[in-house]
Amino acid sequence: MLEINNLHVKLEDEPREILKGLTLSVKPGEVHAIMGPNGSGKSTLSYVLSGREGYEVTEGSVTFKGEDLLAMEPNDRAAKGVFLAFQYPIEIPGVATMQFLKVALNAQRKARGQKEMSAPDFMRMVKDRAAKLNVSQEMLRRPVNVGFSGGEKKRAEILQMAVLEPSLCVLDETDSGLDIDALRVVAEGVNALRSPDRAMIVITHYQRLLDYIVPDKVHVLSDGKIVKTGGKELALELEEKGYARFTGKAA
Amino acid sequence: MNAIVPSTPAETALGMSLPNRRSEEWKWTDLRRLISAPYGRQAVTARDAEIDRLVAAAPLAAVKAKRIVFVNGTFDAARSQLPQGSVSAPVAFPDDVIVAMGSRLQAEGAALTLEGNADLPIEILHVATDGPQRAMGLRHSITVADGATATLIETYVGEGDYLCNAVIEIAVGKGARLDHIKIERESGKSTHLSHAIVTLAADAVLRGFTLTSGAALNRQNGTYTFLGQNADARIAGAYLLNGSQHADSRLVVDHAVPHCTSRELFQCVMDDTARGIFQGKVIVRPDAQKTDGKQSSHALLLSETAEFDAKPELEIYADDVVCGHGATAGDINHDHLFYLKSRGIPEAEAKSLLIAAFAGEAFETVEHEGVREALTHYAEGWLARR
């Protein structure tokens with residue numbers, strides 16, 4: 001589904017490389033965790049996959065469902081099935097959450113040559129999925145993320161994911177700022193979306209989230225490269241022994 | 001104003017001198033330079049079909065209201081559901097340029113006393129039909145009786161090249177509430193000059209909103225004076241400007257008495273080489289303690305060549321007050337845009353959504369649901385034409 005090959009990325013206005021030859025292959029149905037210390041390039045990877053401006057790919061390739069992902073606009077990537085759950089979800093004043101979901105879903109359907117969803121069907125679907133994530137009707141009426149608490153923002157991200165039904169979910173530090181109860185709700189939401197034709201990349205600093213979202217593979221990202229790959233037990237090992245033995249320096 | 005300089009054709013036609021940039025309050029809107037056409041008073045006859053078409057296409061045509069219709073500056077009894085009434089002369093501020101121009105143009109208008117709780121809004125609709133270059137004046141006088149509740153709409157539509165001068169005096173009585181909505185959707189070749197002179201008695205509530213979007217050249221003055229304590233005025237506005245449109249709003253909020261609240265919120269969208277200006281002055285008189293006055297203007301610039309100027313002025317002579325102002329100007333927020341695109345919304349649609357949301361913050365202040373919907377619909381149409 002996703003093939004990242006020798007990816008080198010730098011910021012557009014800085015010479016320093018952030019990703020230095022990252023290679024990763026993700027198949028449908030798999031959940032990959034990417035763990036690494038601060039500054040290892042985790043968020044850069046998520047932004048490059050979703051198409052945020054300000055980054056320059058100097059070498060390597062990213063292929064998604066056989067197509068060159070890097071050549072696509074962010075909205076085309078989304079319509080093809082890429083979804084980034086933001087570490088810091090953006091507040092959009094004046095755009096109601098419900099309206100935003102509807103416009104986004106219908107834009108994606110249109111791009112895929114599907115018919116728009118009818119208003120009643122859409123409302124029913126959102127209400128149903130919102131309830132499972134403890135997202136209230138009141139939150140749906142409010143502008144996107146405006147005045148939401150940290151936990152509400154993360155739940156709203158997962159709701160978007162549940163409504164848009166992407167085939168590749170990239171979760172960027174979804175656990176940050178969550179207490180244990182909120183973490184459980186979010187993780188249940190994510191687990192409910194696991195399916196044989198949907199892949200996930202879970203980016204996290206801590207092993208904690210992986211108690212709830214159990215990965216098939218764990219990768220250690222250090223200084224812009226994957227330096228170690230293993231099963232879910234690798235996360236426990238990291239938690240116990242720290243990153244230092246993989247990164248060659250004190251974490 | 002300056003005897004040495006020969007009159008411009010517009011000054012000759014109007015029979016008065018026009019202010020130029022040397023006058024502080026006109027520094028961004030040099031009428032002398034900007035009004036080049038010889039707009040004079042001239043009676044025209046318009047075909048019924050043309051008037052009906054413009055009335056039907058007016059932005060609030062779908063809003064259920066009692067209408068008073070003026071065509072080319074003249075009362076149209078047949079199309080009106082309320083009588084014209086008689087406006088008593090003279091109005092306040094006779095030396096104000098816009099008021100003086102209205103007098104030169106022998107402006108006529110509606111005189112209304114609003115009592116009780118009106119069930120429907122009253123819309124004063126002015127229609128300018130395509131015709132020779134000319135000037136027309138309107139002068140309305142509105143009294144909201146003590147304790148009354150009303151919604152008053154002023155709408156300006158037109159076609160062709162003309163100057164419309166509109167002066168409205170509004171007195172909001174004790175404990176009364178007025179929602180005053182103005183829609184400036186004049187012809188794209190026209191000049192619109194207006195002055196709203198509003199007084200609020202004790203415990204009065206005013207909710208003002210102005211959409212500025214039509215005229216090539218627009219200058220709107222607003223003077224709001226608190227005459228009694230515990231009155232509350234919220235004045236909002238939205239600009240949707242493109243091409244080479246020029247719009248300048250100058251508001252003066254005069255806290256002449258203690259314990260009053262005023263809020264100003266202007267959301268201004270400028271595209272192409274359009275220029276928006278917001279001048280807001282808050283005066284707090286020496287004994288107007290406990291005044292709470294805030295104003296803010298925000299500009300969204302959709303092109304490199306669009307321009308916005310803001311001039312907030314606070315003149316405070318009392319010491320126990322809360323007053324503030326804020327002004328921002330910028331282009332579309334790139335983080336917002338990326339977030340929407342990352343969810344599959346194409347760039348053009350995402351931009352439209354964000355622009356509509358920006359203007360919508362001002363629309364939200366309008367209580368009347370039908371008017372709010374009409375404003376949203378108007379903004380959608382404006383965006384679709386981009």
Side-chain angles (χ1 to χ4, degrees), chain A residues 46-55 72-97 99-112 114 142-146 153 156-157 159-161 163-166 168-170 172, chain B residues 209 211 236-240 265-269 296-300 302 326 328-366 369 372-373 375-380 382-384:
Chain A
S46 73
Y47 286 141
V48 170
L49 291 178
S50 56
R52 191 179 191 128
E53 57 188 34
Y55 297 92
M72 294 180 210
E73 282 290 305
N75 47 299
D76 295 325
R77 298 179 193 204
K80 283 267 180 325
V82 176
F83 181 95
L84 167 66
F86 283 61
Q87 181 179 4
Y88 302 109
I90 309 285
E91 298 184 6
I92 317 256
V95 180
T97 303
Q99 180 201 7
F100 166 68
L101 287 170
K102 188 163 180 230
V103 172
L105 179 66
N106 282 331
Q108 291 199 17
R109 292 176 70 96
K110 196 174 159 195
R112 293 193 290 258
Q114 297 165 307
R142 268 151 61 188
V144 177
N145 292 322
V146 176
K153 282 182 183 171
E157 290 289 286
L159 173 63
Q160 291 179 32
M161 202 162 97
V163 168
L164 298 173
E165 301 180 320
L168 175 68
C169 308
V170 181
D172 187 6
Chain B
F209 171 84
L211 172 71
Y239 292 4
L240 291 174
L265 173 69
F266 274 67
Q267 299 286 111
C268 306
V269 181
S296 57
S297 62
H298 303 292
L300 182 56
L302 301 180
T328 62
D331 62 356
I332 286 185
N333 183 307
H334 288 238
D335 288 336
H336 293 178
L337 192 58
F338 172 64
Y339 192 73
L340 296 183
K341 286 173 75 178
S342 80
R343 298 308 184 236
I345 305 172
E347 176 144 332
E349 199 179 345
K351 280 186 174 169
S352 288
L353 202 58
L354 293 172
I355 299 163
F358 179 87
E361 287 187 58
F363 299 167
E364 281 302 307
T365 66
V366 174
E369 198 181 341
R372 224 170 42 233
E373 280 169 11
L375 288 167
T376 304
H377 181 73
Y378 177 81
E380 283 166 1
W382 188 86
L383 288 164

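Note that these values count all heavy atoms, side chains included, but never hydrogens, waters or copies made by symmetry. Sequence lines set the chain letters: A, B, ... in the order given, protein chains first and strands last, and positions in each chain run from 1.
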Pairs of donor and acceptor atoms under 3.5 Å between chain B and chain A, please, with atom names and distances.
{"residue": "B:His334", "atom": "ND1", "partner": "A:Glu53", "partner atom": "OE2", "Å": "2.9"}
{"residue": "B:Asp335", "atom": "OD1", "partner": "A:Arg52", "partner atom": "NH2", "Å": "2.7"}
{"residue": "B:His336", "atom": "NE2", "partner": "A:Glu91", "partner atom": "O", "Å": "3.0"}
{"residue": "B:Tyr339", "atom": "OH", "partner": "A:Asn145", "partner atom": "ND2", "Å": "3.3"}
{"residue": "B:Tyr339", "atom": "OH", "partner": "A:Glu157", "partner atom": "OE2", "Å": "2.2"}
{"residue": "B:Tyr339", "atom": "OH", "partner": "A:Gln160", "partner atom": "NE2", "Å": "2.9"}
{"residue": "B:Lys341", "atom": "O", "partner": "A:Asn75", "partner atom": "N", "Å": "3.2"}
{"residue": "B:Lys341", "atom": "NZ", "partner": "A:Glu73", "partner atom": "OE1", "Å": "2.9"}
{"residue": "B:Arg343", "atom": "O", "partner": "A:Gln108", "partner atom": "NE2", "Å": "2.9"}
{"residue": "B:Arg343", "atom": "NE", "partner": "A:Gln160", "partner atom": "OE1", "Å": "2.5"}
{"residue": "B:Arg343", "atom": "NH1", "partner": "A:Leu84", "partner atom": "O", "Å": "2.7"}
{"residue": "B:Arg343", "atom": "NH2", "partner": "A:Leu84", "partner atom": "O", "Å": "2.9"}
{"residue": "B:Arg343", "atom": "NH2", "partner": "A:Glu157", "partner atom": "OE1", "Å": "2.7"}

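- Most heavy-atom pairs under 4.5 Å with chain B, from the set A:Val82, A:Val144, A:Leu84, A:Leu101: that is A:Leu84.
- Chain B forms the most heavy-atom pairs under 4.5 Å with one residue out of A:Ile90, A:Val103, A:Leu164, and that residue is A:Ile90.
- Comparing B:Ala356, B:Ala350, B:Ala359, B:Pro346 by heavy-atom pairs within less than 4.5 Å of chain A, the highest count is held by B:Pro346.
- Taking each heavy atom of A:Ala107 and B:Gly344 in turn, the nearest pair found is CB-O, 3.3 Å.
- Rounding to the nearest 0.5 Å gives a distance of 5.5 Å between CD1 of B:Ile345 and CZ of A:Phe100.
- With sequence neighbours left out, B:Ala238 forms a side-chain contact (heavy atoms from CB on, under 4.5 Å) with B:Phe209, B:Leu211, B:Ala362, B:Phe363.
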